[in-house]
Amino acid sequence: MRRFPTVVEALCSTSRAHYGVDGRGEERRVKTLADALPVLLSRVTRPGLRRQLLQQADDKQLAELAGQGVVVVGGLQRLPLL
């Protein structure tokens with residue numbers, strides 16, 4: 001469980017390098033985060049880490065996560081509005 005902060009930080013940080021020949025590192029980071037979000041949110045209990053993950057999700061992802069029961073409205077109300 002000590003590795004979660006490192007994983008969350010890596011997935012929530014904008015890609016600084018272009019990976020591969022095609023330079024699609026940021027696109028891959030965003031896709032990886034979207035794929036990992038349900039699993040990470042079901043395991044991460046620290047409020048700061050959950051907030052950091054949820055702030056990366058778009059409205060569609062948040063609706064899907066709520067439909068799966070991974071997040072609840074009460075937890076989303078604490079997120080700052082952009």
Identify the heavy atoms of P38 and V70 that sit nearest to each other, and give their distance. O-CG1, 3.9 Å

Side-chain donor or acceptor of Q61 paired with backbone N/O of D58 under 3.5 Å: yes

Would you check if V71 and R50 make a side-chain contact, meaning some heavy-atom pair closer than 4.5 Å? yes

Which pair of non-hydrogen atoms, one from L33 and one from Q56, has the smallest distance, and what is that distance? CD2-CB, 3.3 Å

With E27 via side chain to side chain donor-acceptor pair (under 3.5 Å) - residues at least two apart: R24

Test of understanding: clusters of I, L, V, M, F, W, Y form through side-chain heavy atoms closer than 4.5 Å, transitively. Do L37 and V30 belong to the same one? no

Verdict with reasoning, Q52 to R46, per side-chain contact (heavy atoms from CB on, under 4.5 Å): CA-CA 10 Å; Q52 192 174 359; R46 288 177 40 194; over 6 Å; no

If I take atom CG from residue L11 and atom OG1 from residue T6, how far apart are they, to the nearest 0.5 angstrom? 11.0 Å

Check for a donor-acceptor pair, side chain of S13 on one end and backbone N or O of A10 on the other, with a separation under 3.5 Å. no

